[in-house]
Chemist: 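Quick one: this structure, given as structure tokens, is what I'll be asking you about.
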Amino acid sequence: MVISRLNKNYFIRDTHLVCQDLIGKFLIHEDETRLKVGRIVEVEAYQGFNDRASHAARKQTPRNLIMFGPGGYYYIYLIYGMHYCLNIVTEKEGFPSAVLIRAVEPIYDSSTNLTDLGLKEKRILGSGPGRLCRWLEVDKIFNTKSVENPSLFMANDYKDQAHQPKIEKSKRVGVQYAGESAHLDWRYLDATSDYISHP
DNA sequence: GTGCGGATTAGCT
DNA sequence: GCTAATCCGCACG
């Protein structure tokens, strides 16, 4: 299978379709100093003006401005003063939406031999939105950057590592403050994966 | 300028 | 299960 990068147009469509399609895809940080590859196993949808869990639910601010533009750009913010969360903006300009990457299975790491690690240790690397950003060395430098930038991107395959995911939906994590929006089943995960953030 | 609280995590009970 | 850690965006005025 040929490795091909997901382009901006991939994200300019319904957020829930993007969520389902992203499960099993690869998230790759590659430059002169590192190569890290994770398989996406859990994401969440944040969609439109009526989603009270979304940063874009109230109004446009300097921080959430990128969410109001067209899909295909990263939205990365600092949470609780110490963890970054990685999102990809989705849909057409004017309908603020994004997909939060919540967990990846570590596939390759140029600074660590992953085969030396047990399941528990690999889970600590990639299970959870803050943990995966720490492992992949993703921070606000990539905020507002296009998914078509050369070093942080997603791809449909990585060295024949892909396999068929079993997609399940459930409630989003950590949004109990969001009233009506809190109970929506807008979290998508691969039920065959051992790397889900809240098993 | 001040104050509040979060799309989380780690460590302890 | 509970909570501290630790910063900044944003709402107030």
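So that the names make sense, note that chain A is the first sequence line, chain B the second, and so on, each numbered from 1.
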Chemist: Base, sugar-phosphate, or nothing: which does A/K59 touch, judged by heavy atoms less than 4.0 Å apart?
Modeler: sugar-phosphate
Chemist: Identify whether the distance between the nearest side-chain nitrogen and carboxylate oxygen of A/D109 and A/R34 falls below 4.0 Å.
Modeler: no
Chemist: How far does the P atom of C/dT6 sit from the matching atom of B/dT2, given to the nearest Å?
Modeler: 22 Å
Chemist: Rounded to whole Å, please give me the gap between NE2 in A/H198 and P in B/dA10.
Modeler: 11 Å
Chemist: What is the distance, to the nearest angstrom, from the CG atom on A/L65 to the C1' atom on C/dG9?
Modeler: 14 Å
Chemist: Could you check whether the rings of A/Y108 and A/Y158 sit parallel, tilted or perpendicular, using 30° and 60° as the cut-offs?
Modeler: tilted
Chemist: Quick one: A/H55 NE2 to B/dT8 P, roughly how many Å, whole number?
Modeler: 9 Å
Chemist: Rounded off to whole Å, could you give me the CZ-to-P distance for the A/R131 and B/dA7 pair?
Modeler: 18 Å
Chemist: How close or far is atom C1' of C/dC10 from atom CG of A/L78, stated in whole angstroms?
Modeler: 15 Å
Chemist: Ring centres of A/H55 and A/Y46 under 6.0 Å apart?
Modeler: no
Chemist: State which of B/dA7, B/dT9, C/dT6 makes the closest approach to the side chain of A/M82.
Modeler: C/dT6
Chemist: Could you state the atom-to-atom distance from CD of A/Q60 to P of C/dC10 in whole Å?
Modeler: 11 Å
Chemist: Between A/H29 and A/F142, is the ring centre distance below 6.0 Å?
Modeler: yes
Chemist: Of the nucleotides B/dA7, B/dT9, C/dC10, which one has an atom closest to the side chain of A/I79?
Modeler: B/dA7
Chemist: Figure out the OH/P separation between A/Y84 and C/dC7, and round it to whole Å.
Modeler: 11 Å
Chemist: Provide, to the nearest angstrom, the distance between the OH atom belonging to A/Y80 and the P atom belonging to B/dC4.
Modeler: 17 Å
Chemist: Please tell me if A/T61 has a side-chain N or O lying less than 4.0 Å from either OP1 or OP2 of C/dG9.
Modeler: no
Chemist: Which base, if any, makes a Watson-Crick or G-U wobble pair with C/dA5, both distances under 3.5 Å?
Modeler: B/dT8
Chemist: Taking the ring centre of each residue, are A/Y75 and A/Y73 less than 6.0 Å apart?
Modeler: no
Chemist: What's the closest nucleotide to the A/R134 side chain, out of B/dG6, B/dA10, C/dC10?
Modeler: B/dA10
Chemist: From the options B/dT8, B/dA7, C/dC10, select the nucleotide whose nearest atom is closest to the side chain of A/R63.
Modeler: C/dC10
